[in-house]
Amino acid sequence: MKPFYVTTPIYYVNDRPHIGTAYSTIAADVLTRYQRLRGRPARFLTGLDEHGLKIARTAEAQGLTPQELTDQMQEPFRQTWKLLSCEHDDFIRTTERRHKRKAQALWRMIQERGDIYLGEYEDWYCVGCETFYTEKDLLEGKLCPQHLKPVERIKESSYFFRLSKYTQPLLDYYEAHPDFVKPSARFNEVKSFVREGLRDLSLSRTSFRWGIPVPGDPEHVMYVWFDALSNYMSALGGPVENEPAPLFEQFWPPNGDLVHLVGKDILRFHAVYWPAFLLAAGLTPPTQIWAHGWLTVNGQKMSKSLGNFLRPEPLAEAFGVDPLRYYLMRDVAFGQDGDFSHANLIARLNGELANGLGNLLNRVLASIVQKSLGGRIPAPTGPDTAEDLTLQAEALRCARAAAEQLDAVAPQRALEAVWELVSAANRYVDRTEPWALAKLEDKSRLSHVVYHVLETVRMIGVMISPFMPGKAHELREQMGLHPLMATVGCDLWPSVWGGLPSGITTQPGKPLFPRLDKDQEAAALENLGVKLDAPGSHAAATSKAQSPKSQKPAQEPKVTEPASPATQASTDTSISYDDFAKVELRVGLVLTAEPVPKSDKLLRLTLDAGDPAPRQILAGIAQHYAPEALVGKRVIIVANLKPRKLMGLESQGMVLAASDETGLFVSAVAGDVKPGSLVK
RNA sequence: GCCGAUGUAGCUCAGCCGGUUAGAGCGGGCGUUUCAUACGCGCUAGGUCGGAGGUUCGAGUCCUCCCAUCGGCACCA
């Protein structure tokens, strides 16, 4: 069977694990466990992104070396994944030697093929984002649009990746691999982005040291994304140079299937840059990239600036690790935005887990089997009634459906299919009334019926094991079954009826999923600091929750071409009078002003500027001026500017304004001169 | 503004290439069983399928326009 390799993003070590990162890590764990159950060789990688200016500065502020800092910060991640039963096969840190060596190897491969070259780069840089911004991205006062903090002007020699060359190859690759990016709507966005043309990508920095040195030019440090993306490969020991790399050979495409789970904010890096790097190095891109959505918390959008984290540990403590995993996989459609709702979690825990599955196991195993069947799994005695056959068929149908959904990375649908079977089993129990059969002298029908229920429960236990490994184990223990042992080449997914052995002694224990009564529910929410508007309902709830989160800077670096020699040479910016005379400045009287729909920056103005008819100008000042405040003002406009369409409206000129860190102010003339008067 | 998606019962959503009385889960209401974690099972929701046109013997299901919401891109000439 083709090996399966799944990755989470490497999380930025400066944050702590939260419900968003937990979600993608749990999803990766579920997929891995499922593939293993099917007998497929499977590998699950997660890890940490530990480089970047932000780390270096945080470390400095704390009087630590960056390495000391990241050594400390990694611990919460390891602990959290362990707590959440996420059993990664590898945990890579970008500061590890094995990673640095392989990132450099990848660099060399691309360079040797000619797609890395030296140029020069200059732009505004935000330390918080570790991202360059072009002038137009900045807020007034040269503030980073993400962090609202001042940016720095940085100019440096830089290596560039010839991304522009890969516009067409990428489009061809997308064409040939229609399932490369999921969901398909996201794929469309990627395609349209690439179709507009790609510019070369700045691939190195000289402005800070905390990163991986560029091979052969240690003044340069690799661009964080080149560093970060190569983790998926370096963790397998690839790319191969001189020494053998068996894991890489086994799991990297085309030999293995590689699935990257990513947040939608970092899709572009994975779906555009990463395959381009790999194509440039002569390597095979990943099989599939799955962009999952964001989680809101109790219906509230969260922003990073609030700095509030919904951490998984208290939730796991309050509700149990497995119920939490179940809830996240069941309630959120993979690939879409979802909502983490305490009320829904409790509703599913009580309804589906406790009442549905837990009670099913209990009502048969702890009750009938103990009282009437000597505590042993009975044997099927036949013949099958219509009800028996229906349950058998339903069991196999649901198992097939669940597998199909998991193959398609739709965990929520898979669980839905499993719970159809839970429901069918409960229905079967009601129809066959084993408690009535138990009163008969002849226990053969009872045995047959109970066997049917328990065989169904056994199948369910197998199917939920990727989602709730602990509970699946408990379930088997209670039934007297051995633990599931996934083995390569051995498909354990239910596909035939009758796998349950008879005669074994059961060991019923406490309810598998204890129900939360009203008091316990209230206490749990109290402990978590959550207030539900209407207890027990689906009403919105509020909490001191957090932001679902991007694992990486939300913005891609805006990269420009390396400055041309001519540009660099001309430092003299003075112009001749003739140059100035070309610009026609006039006084304009603002007649009307209104916001432009769907634009948060533009105002549509009409002005009397001495023209026969009022002139329409769009000005990007909506964040600084209320429309009413402008009407009647005399402002200076550039009158002979070439008209241009903005947001579908034509702008016939430009309103002059000045800005500094305190705000933006439109120009004005000191007296009430006639509209249209020339300014010079 | 360009591109795309979504808009179906109180809530969350299914409804493939158009075709009998538009579905599920949850919640609500009613009933019922008693083996069980007061759990289960059955019945019940009369919803203009966002709006308006159109194609068709026939349209949530195709076309056009519009509205709303959400994304991606663009936009301070």
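The chains referred to below are lettered A, B, ... by the order of the sequence lines, with proteins before strands, and numbering in each begins at 1.
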Interatomic distance where [atom1] belongs to [X] and [atom2] belongs to [N] [whole Å]:
X      : N     : atom1 : atom2 : value
A:N355 : B:G25 : CG    : P     : 15 Å
A:R431 : B:U32 : CZ    : P     : 18 Å
A:R413 : B:A24 : CZ    : P     : 16 Å
A:R195 : B:G72 : CZ    : P     : 17 Å
A:R186 : B:G4  : CZ    : P     : 16 Å
A:K510 : B:A36 : NZ    : C1'   : 18 Å
A:L618 : B:A77 : CG    : P     : 10 Å

| field | Residue mapping more 5' on RNA chain B - nearest nucleotide basis, A:V190 or A:G356 | value | A:G356
| field | Along RNA chain B (nearest heavy atom to each residue), the more 5'-positioned of A:D337 and A:E196 | value | A:D337
| message | Taking donor-acceptor contacts at under 3.5 Å, does the side chain of A:N362 reach the base of B:A36? | response | no
| message | Mind checking if A:R515 touches a base, just sugar-phosphate, or nothing, with heavy atoms under 4.0 Å? | response | base
| Looking across every strand, which nucleic acid part, if any, lies under 4.0 Å from A:P511 by heavy atom: base, sugar-phosphate, or nothing? | base
| message | Strictly below 4.0 Å, N to O, side chains only: are A:K182 and A:D179 in salt-bridge contact? | response | yes
| task | Can you spot which of A:R397, A:R413, A:R427 makes a salt bridge (charged side-chain N to carboxylate O under 4.0 Å, His left out) with A:E420? | result | A:R397
Go ahead and name the base partner of [N]; Watson-Crick or wobble counts if both distances stay under 3.5 Å, otherwise write none.
N     : value
B:G58 : none
B:C43 : B:G29
B:A5  : B:U69
B:C13 : B:G23

| query | How would you label the glycosidic angle of B:G60: syn (within 90° of 0) or anti? | reply | syn
| query | Aromatic ring centroids of A:W290 and A:F334 under 6.0 Å? | reply | yes
| task | For B:U64 versus B:U69, give the span between their P atoms, rounded off to a whole number of Å. | result | 22 Å
